[in-house]
Engineer: 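Sharing a structure below in structure tokens format, with a few things to ask.
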Amino acid sequence: MTYIRPAFHHPALPQNELGYTRKDYEGSISTLCAGCGHDSISAAIVEACFELNIEPHKVAKLSGIGCSSKTPAYFLNQSHGFNSVHGRMPSVATGAYLANTDLLYLGVSGDGDSASIGMGQFVHAIRRSLNITYIVMNNGCYGLTKGQDSATADYGYVAKAGHKNIYEAIDLCGLAIELGAGFVAQSFSGDKKQLIPLIKAAMSYQGFAFLNVLSPCVTFNNNSGSTKSYDYIREHNAVMSGMDFIPVKEEITADYQEDTVREIELHDGSYIRLHKLQQGWNPEDKYAVVNALHKARASHEILTGLLYINNDQMPLHQIIRLTDTPLNKLTEQALVPGAGILDQINASFA
Amino acid sequence: MTYIRPAFHHPALPQNELGYTRKDYEGSISTLCAGCGHDSISAAIVEACFELNIEPHKVAKLSGIGCSSKTPAYFLNQSHGFNSVHGRMPSVATGAYLANTDLLYLGVSGDGDSASIGMGQFVHAIRRSLNITYIVMNNGCYGLTKGQDSATADYGYVAKAGHKNIYEAIDLCGLAIELGAGFVAQSFSGDKKQLIPLIKAAMSYQGFAFLNVLSPCVTFNNNSGSTKSYDYIREHNAVMSGMDFIPVKEEITADYQEDTVREIELHDGSYIRLHKLQQGWNPEDKYAVVNALHKARASHEILTGLLYINNDQMPLHQIIRLTDTPLNKLTEQALVPGAGILDQINASFA
Amino acid sequence: MSGINDFVIRFANVNGTGSASANFLFAKTLFRMGIPVSPKNIFPSNIQGLPTWYEVRVCDKGYLGRREGIDLMVCVNPQSLEKDVASVKDGGYFLYDSTKPLHTEFLRSDIHYLPVPLMSLCNENFTDARQKQLFKNMVYVGALAVLLNLDFEVIAQLVGEQFKGKEKLIQPNILALNLGADYVRKHFDFPLSFHAEKRNLTHGKIMIDGNTAAALGALYGGATVVPWYPITPSTSLVDAFTEYAEQYRVDPETGRKNFAVIQAEDELAAMGMVIGAMWNGARAFTATSGPGLSLMNEFLGLAYFAEIPAVLIDVQRAGPSTGMPTRTQQSDVLLAAYASHGDTKNVLLFPSTPDECFELTATAFDLAEDLQTPVIVMSDLDLGMNDHISEPLHWQNGRTYNRGKVLSAEELEQTKGWGRYLDVDHDGVPYRTIPGTHPQKGSYFTRGSSHDEYSRYTEDADTYVRIMDRLLLKFHKAATLVPEPEFYGDDVSAEFGIIYFGTTHHAAMEALDMLSAVDLTAYAMRLKAFPFSQKVRQFTERFDKIYVIEQNRDAQMRTLLINELEIHPERLIKVLNYDGTPITADLIVHKISSDIHSSTLIRS
Amino acid sequence: MSGINDFVIRFANVNGTGSASANFLFAKTLFRMGIPVSPKNIFPSNIQGLPTWYEVRVCDKGYLGRREGIDLMVCVNPQSLEKDVASVKDGGYFLYDSTKPLHTEFLRSDIHYLPVPLMSLCNENFTDARQKQLFKNMVYVGALAVLLNLDFEVIAQLVGEQFKGKEKLIQPNILALNLGADYVRKHFDFPLSFHAEKRNLTHGKIMIDGNTAAALGALYGGATVVPWYPITPSTSLVDAFTEYAEQYRVDPETGRKNFAVIQAEDELAAMGMVIGAMWNGARAFTATSGPGLSLMNEFLGLAYFAEIPAVLIDVQRAGPSTGMPTRTQQSDVLLAAYASHGDTKNVLLFPSTPDECFELTATAFDLAEDLQTPVIVMSDLDLGMNDHISEPLHWQNGRTYNRGKVLSAEELEQTKGWGRYLDVDHDGVPYRTIPGTHPQKGSYFTRGSSHDEYSRYTEDADTYVRIMDRLLLKFHKAATLVPEPEFYGDDVSAEFGIIYFGTTHHAAMEALDMLSAVDLTAYAMRLKAFPFSQKVRQFTERFDKIYVIEQNRDAQMRTLLINELEIHPERLIKVLNYDGTPITADLIVHKISSDIHSSTLIRS
Ligand SMILES: Cc1ncc(C[n+]2csc(CCOP(=O)(O)OP(=O)(O)O)c2C)c(N)n1
Ligand SMILES: Cc1ncc(C[n+]2csc(CCOP(=O)(O)OP(=O)(O)O)c2C)c(N)n1
Ligand code: SF4
Ligand code: SF4
Ligand SMILES: [Mg+2]
Ligand SMILES: [Mg+2]
């Protein structure tokens, strides 16, 4: 596939290195509620893809069912999208990815979609190290079906409908780390500065890159008893580090003091630079991260930032030693062993 | 339900406090392979129930599908059993338990049954704090379908069929702890001394009691490259503590040195006594346990014993404030609000 | 143009703007005035900001089905203006918010415009932004009240009931109503040629949605374990159950509950929990819609084969796949009837009205336990989520549950050689036991694998066949136990038959009258259950030509009829509506009469 | 008693004792001797220690279906002795391990006993415990070779092939064979009255199981993504695919693979992966059995409605639920055809023989991509897991794949106003694009929710109906593309018709001959696909009476025929076998002739 430069752009719109403008990364008009956190995440995806100089048609965006899962229609109109069935996006993404490892896969899901009906597929996509950027737009509730508690709703939070949640929440980041996800980050839809570089880093990572983005549901879960409201998250957000994402070949400047900066080189040569690191925070130390998460949970803090990264993770196509040519490009030539071989096989059954 | 003493036992057979003999806890003849680890676990269940003085008909035993899931037919013939569908035992058990909280629920599953197809239900049974003893007979493979790797098969182990497993294993104990299970233990089918008190403790615990029992599949996963073979487990078994289970009202004797003994009182008044504790091991300290599990995994050790216990866990029926009378005993009297109330309701729609 | 108590009015709103309660107030006022009314909510699969409509048919004759053709459109949504203007009947009315002038492209010469400055009236009279938006809806209700001659006393009373406990809100609502009313009185002739007139036609009736009624049926039917997974349009059913159970099933002293509503992780789990609970002797049900039904297939097969009672309420929506989640259809019939791999057949019940939702849901528990098999109540979005005029829900005090053949400890004590699947009574239904009943007797091992009469695993060919044949026998027994169909129309001189079920009821009733008005006399049978009873068979044998009306594409009920009753397909003619909107009498009449006109033979 | 090359022999073994290869050796020897033979494995759902049988029918006439009545029983399993003795035909033979004496209760006066001290012969000649057990099986093969006049050269050759690479094992195997042979020569008259004689009837044929053949069909058909979840009897299909792919689809230099076999976490995921892969332009399939099919319902509905190609191979077993996992049935037909909630219809293919498993599996990919819809290959346990004599698998070099209407970058460049679901060719099949094809053109949003021709979400009634109607049109097109039925028997003088499909083939062929021998002349149609083509319709119109033979309880294919072709049910008579064993010609003949005798009219 050769790249064809998009034509007739308004000359004033800023272009990225490939000549695309932000408009080229936008989608249809959102039908979500005004103020929904999910829309901010869509915007961050648009910005991240623009800045990353991604060719939109080289992205496949997949989702399940829910308000969150509708968002792929609201960004990257020039990418193919797949709004599958509830909770089963990971399997559809796995199939798509195996068919063509040349595309970037962006999976979008909700907390209902991933933490309840989709739990099994979520776990196994991680176990297989599916090469995907997997974003959960986590609002602690089922938006599209009108606000039921989800499995990530915190114990004791008070729903808009008035009742108190009586179950313990599933911590998707803790779970992802326990299951061996190679890239685990948490962020907040209201914090673009943090979110955009995280998305860029996730999309540059080879392997399962998980992003749990707290994303308030203004209609059903933004009330005062909520622990997923804009106010609550802002108040309880403990940023573990500032972060920059430095694309391949860009010069690395040293703006920060040595001791608080960490740079992590990804396989494609790009860098994640963490600065203003919290005391002792090392996102490559699994135990430390797990403990920090447990403690934060106990003290009602929400850790955000890049929580964990394992740069040695092998993505699925390498694990199974897939050929470089995308499987969907293989023709009869490559696929059919031929009549002669079939004769031999027949002979072995004669 | 009044208890009726079983009649006509061979006088020589030892009886427990209720007058039952071990025979009363046995099941049909096993059709598993000779030497299958699962049979040893069945025997341990028989022994534990005998020693615990459980009335067999007060137990409901449920399972999914697999060699492991067949075992409920091989113990406790006087209990009702339910061999449901593959991977979905937790939901059936949840329904059964809600219908009658007066019975003891014993769930039996396999690693295929719980870690693959049943992952979602496993996770959510834990999240709900289902009041059950949940035993996974973990052989790292799919016995009944002839030996495929399961999701608990260790990375790099060599299957009998010759290939090497290329995926990371799911650590069911680590997962259960992360998800908030209140009682998490690991054991080995070949170690009755450890297994029987663990089963007794689990059955006495109120809440989700998880027992991951390594249980070699002699037919498909007992070869030399296996990490779930009898030999391998014996060699890599790191027992975290010796353990006794002391039923309610039994006198607590002090056989052990103070500093290496820990006693944990369960809600029904029985005790778990841990002795020969590993240095610094505290099964009530979640972080310590999680770290120990992670380290053991890295060094190919298999920790066995009671790994984690949280005595403050509330079982599901308390969480949802269920009435004491089992729901299945309620009659029209309790259930029907009556024609008068219906008239009022009708009036509210007039 | 339509006349007194005979018109259709449609409200075009934006969802999430609080129009629902104002629109409901409008419909309920008519109902309280004794006039038959049937509102339909046409809403998007979305939470806020998209067009949503509320359509109210007013009909003295009591026809409660939907009718095409809008007499009066109330449009407060600029997004859908074009479509809304176009949808008004020739000679009809178009009421709109004239705060901003209507673009000339929306002017039709064949309809009347009723400009009311809703927004500016609110702006002038209210300060709070949210109030301004909310009260706009009350303003148009006030305007309509004058235009259509509604009873202001009834309205005021309803507003009072609505804001019971929040009395402060009554006054501003009344103010808003009056703003609209006064504006109309000042600017337009009133009432319109078609308008309301008090009647006594709804006396003793209630106005309720089917989901609430079904929830109450489950409550009265003794459901205690209610696992579920949210899905439109079944969610409100479980919500209603929870609400009433919290009211009537909680010990006021201890706060302890007589029921367990569990939000499951998915529909597979929900059905698994129902099966576990009913296996263990409690009454349980779950409610879902198409996608959930698909996911429950494996478990339904288990319940069928292991003979475990289970109750499922399928509030159908437009499929396939995610389809149109907020549109109605009757398209899960075939899957529900023969759910799961292997040879399986399930009992289905088809309510047509809220009171039947109540009654058939309660009955479902009796049938499920009596027959030890899954029973699926086939509701749909139209029935479940719209308000319908209905007979009041009825429960006879002293009515007892039929728990089926369950052996007590005492009975077990006296029983010899009990086998879980022994057909002792030769009716296909064996005796079961509940765990924990007796220390030595009655335990058995339930399995979805092949089993003998004593519930032991078997691969023996004859045993397997015996069990499978008995399940057929049981299904024949089911045909004698399920609710009988209802019959309508002219038994004596009918020239052809009509079969239908579920929410087609009102449209079918109206169609019957319309047909007989043009001398097409039909006798109609409303199915209430699957399998089909003798009466159903007799009906199908009586006519050479029977129209089968369904709200799906593939004529699924017709397939069941042909397949189970061995009817020649050519005798069953499809009358289908599957566009997601409730079927209309016009459509039925049109399809039947054009078929009759295109064929010659009616009765051979 | 049966005669030369006409007998049935059954081996009664304990599973897990290595009898399979010895029994296979026996059957293969007959095949190599040019004699038609059909082995059936009757095994328990268990790994070790339970009774398992291997039944071999030898038949000069080439009838390859199962036949009731055992001429010679080889019993090496004390557990099943009683049953095994009882199952021998009057006048038949019973060969058993006489190391321990047979209890007198197992002595029948009407059969012949052939005591061979298998165990003691082994004990005397081998030392290793495992070998003693294994070689017992070879001893009875040696004994049978003499009794039945098998060609020792052929046996020796087969043993050589089997132990290629492990030559050390050849000698002891031959020794074991000779032990049995010598013992028979010394103690019994031989050969028996029925025995084998060399023929040339299997020349050019192969002996292969359907699962292996289907796997090869998938390999040649271009499958690259193969997600699956283990389940009997489909597991060996994916095993075979993997094995051949490892051989023929791996770059010998780099070891990199041209395929991805992924063990999914369950069947839902397996089907999801197939859909994802085919959406993305690769050929993918999964194989499963009943329970898996039930779990795939939701995804099948998505693929139907969003028009995504998908290939599924359903190797059917006895349902419902877990049923009898190691027994055969054709009972998933109805669910597969109309899988999922809402109005859905899937394309089904019905292979009867291994070469058809190959061909129809390869074809399934073409059809799925051509029609952009799921295609389900309906195999069964009998076909999939038993060895069958078959035509060799055939692939024409140069055969190309039909990838359907997929737009390339160049085509997109030239296309204006493309819409994913536009019916440009008026055949119901729209054009699709593969992700990543073109930078600006061809992207679209796939959804299981209602969509318009441009794949935009819609709740518009007319648009929805348009799409649903086009899907019906596409299904009609499918009927013109699927493989045509095959016809057998007497076209001219036939008095009635027979319809059947799948593994009923061999029994049906034999039944045709048996019927015509008693002057019941039939013309038979073997269905190969659903939907039904014109030829199928014509056949059904030709006869007043048609017997529909199926291996399920509820006559599921008959339901499809009646429902899709609008046939009067009374013209289609059920001939059913559903006990889990492969159907026999005797059963067919018995049911048809007793129906004919009990009715008078054959042709009106
Ligand atoms: C099988 C199935 N069950 C239920 C539903 C109904 N449903 C649609 S969205 C949704 C939950 C969405 O919650 P979440 O994933 O958190 O997304 P949000 O709307 O909160 O962004 C449910 C239950 C469905 N579409 N399919
Ligand atoms: C829905 C479904 N899929 C697949 C199967 C086939 N199956 C039976 S047992 C089993 C795996 C059992 O593995 P595990 O749970 O580990 O039990 P084990 O036999 O190893 O004890 C599978 C895949 C099934 N019965 N149902
Ligand atoms: S309901 Fe909640 S999650 Fe859905 S669009 Fe509205 S704010 Fe967002
Ligand atoms: S196959 Fe393995 S797991 Fe199954 S019974 Fe045999 S040894 Fe046990
Ligand atoms: Mg959510
Ligand atoms: Mg296992």
Engineer: So which of B:Asp324, B:Asn100, B:Asn77 has the largest heavy-atom pair count under 4.5 angstrom toward chain C?
Structural biologist: B:Asp324

Engineer: What residue, out of B:Ile65, B:Leu316, B:Leu330, B:Asn328, has the most heavy-atom pairs lying under 4.5 Å from chain C?
Structural biologist: B:Asn328

Engineer: Count the heavy-atom pairs under 4.5 Å between each of C:Ser455, C:Gly281, C:Ala223, C:Ala270 and chain B, then report the option with the highest count.
Structural biologist: C:Gly281

Engineer: Do B:Ser91 and C:Phe299 make a side-chain contact, defined as non-hydrogen atoms from C-beta onward lying under 4.5 Å apart?
Structural biologist: yes

Engineer: Given side chains that start at C-beta, do those of B:Phe349 and C:Asp387 come closer than 4.5 Å, heavy atoms only?
Structural biologist: no

Engineer: Check whether any side-chain N or O of B:Arg321 sits under 3.5 Å from a backbone N or O of C:Arg256 as a donor-acceptor pair, and report yes or no.
Structural biologist: no

Engineer: Is a side-chain donor-acceptor pair under 3.5 Å present for B:His80 with C:Thr433?
Structural biologist: yes

Engineer: Mind ranking B:Ala73, B:Pro56, B:Gly120, B:Ala60 by heavy-atom pairs under 4.5 Å with chain C and telling me who comes out on top?
Structural biologist: B:Ala73

Engineer: Please classify the contact between C:Ala284 and chain B as side chain, backbone, both or neither, with a heavy-atom cut-off of under 4.5 Å.
Structural biologist: neither

Engineer: Is it the side chain or the backbone of C:His203 that comes within 4.5 Å of chain B heavy atoms, both, or neither?
Structural biologist: neither

Engineer: Atom CG in B:Leu335, atom CZ in C:Phe259: separation rounded to 0.5 Å?
Structural biologist: 11.5 Å

Engineer: Between C:Tyr248 and chain B, with a heavy-atom cut-off of 4.5 Å, which part of the residue counts as in contact: side chain, backbone, both or neither?
Structural biologist: side chain

Engineer: With a 4.5 Å cut-off on side-chain heavy atoms, are B:Gln121 and C:Glu265 touching?
Structural biologist: yes

Engineer: Any chance you could measure C:Thr400, atom OG1, to B:Gln333, atom CD, to the nearest 0.5 Å?
Structural biologist: 11.0 Å

Engineer: Need one label for B:Leu76: side chain, backbone, both or neither, based on atoms under 4.5 Å from any heavy atom in chain C.
Structural biologist: neither

Engineer: Treating C:Asn280 as the side-chain partner and B:Ala96 as the backbone partner, does any N or O pair qualify as donor plus acceptor under 3.5 Å?
Structural biologist: yes

Engineer: Side chain from CB out, backbone as N, CA, C, O: work out which of these in C:Tyr457 comes under 4.5 Å of a heavy atom of chain B, or both, or neither.
Structural biologist: neither

Engineer: Please check: side-chain N/O of B:Glu332 versus main-chain N/O of C:Arg399, any donor-acceptor pairing under 3.5 Å?
Structural biologist: no

Engineer: Taking C:Tyr444 for its side chain and B:Gly81 for its backbone only, find out whether a donor-acceptor pair lies under 3.5 Å.
Structural biologist: no

Engineer: B:Arg128 versus chain C, heavy atoms under 4.5 Å apart: side chain, backbone, both or neither?
Structural biologist: side chain

Engineer: Under a 4.5 Å heavy-atom cut-off, does chain B meet the side chain of C:Ile389, its backbone, both or neither?
Structural biologist: neither

Engineer: Contact part of C:Ile208 toward chain B, heavy-atom cut-off under 4.5 Å: side chain, backbone, both or neither?
Structural biologist: both

Engineer: Hey, is the main chain of B:Leu327 close enough, under 3.5 Å, to the side chain of C:Arg283 for a donor-acceptor pair?
Structural biologist: no

Engineer: Would a 4.5 Å heavy-atom cut-off, applied to side chains only, mark B:Phe82 and C:Leu302 as touching?
Structural biologist: yes

Engineer: Could you have a look at C:Val274, C:Ile275, C:Ile262 and say which one has the most heavy-atom pairs with chain B under 4.5 angstrom?
Structural biologist: C:Ile262

Engineer: In terms of heavy-atom proximity below 4.5 Å to chain B, should C:Glu391 be classed as side chain, backbone, both, or neither?
Structural biologist: neither

Engineer: Picking from B:Val85, B:Ile320, B:Thr94, B:Thr31, which has the most non-hydrogen pairs under 4.5 angstrom with chain C?
Structural biologist: B:Val85

Engineer: Between C:Phe31 and B:Ala350, which heavy-atom pair has the shortest distance, and what is it?
Structural biologist: CE2-C, 3.4 Å

Engineer: Considering only heavy atoms from C-beta outward, does the side chain of B:Ile341 approach that of C:Tyr220 to under 4.5 Å?
Structural biologist: yes

Engineer: Pick whichever of C:Trp395, C:Phe358, C:Trp279 has the most heavy-atom pairs under 4.5 Å with chain B.
Structural biologist: C:Trp279

Engineer: When you compare the side chain of B:Gln78 with that of C:Gln440, does any pair of heavy atoms fall below 4.5 Å?
Structural biologist: yes

Engineer: Checking C:Asp251 against chain B: side chain, backbone, both or neither under 4.5 Å from a heavy atom?
Structural biologist: neither

Engineer: Picking from B:Pro90, B:Pro72, B:Ser84, B:Ser348, which has the most non-hydrogen pairs under 4.5 angstrom with chain C?
Structural biologist: B:Pro72

Engineer: Heavy-atom distance under 4.5 Å to chain B: side chain of C:Lys441, backbone, both or neither?
Structural biologist: neither

Engineer: Nearest 0.5 angstrom please: C:Gln396 CD to B:Leu342 CG, how far?
Structural biologist: 11.5 Å

Engineer: Most heavy-atom pairs under 4.5 angstrom with chain B, which of C:Gly255, C:Pro227, C:Gly448, C:Gly398?
Structural biologist: C:Gly255

Engineer: Which bit of C:Arg249 is near chain B, if near means a heavy-atom gap under 4.5 Å: side chain, backbone, both or neither?
Structural biologist: side chain

Engineer: Between B:Thr323 (side chain) and C:Asn258 (backbone), is there a donor-acceptor pair under 3.5 Å?
Structural biologist: no

Engineer: Against chain B, work out which of C:Met271, C:Glu161, C:Lys28 has the most heavy-atom pairs shorter than 4.5 Å and name it.
Structural biologist: C:Lys28

Engineer: Using a 4.5 angstrom heavy-atom cutoff, name the option from B:Ala339, B:Pro337, B:Ala93, B:Gly338 with the most pairs to chain C.
Structural biologist: B:Pro337

Engineer: C:Ala282, C:Gly221, C:Pro435: which one forms the most heavy-atom pairs within less than 4.5 Å of chain B?
Structural biologist: C:Pro435

Engineer: What's the spacing between B:Ser69 OG and C:Arg447 CZ if we round to 0.5 Å?
Structural biologist: 12.0 Å

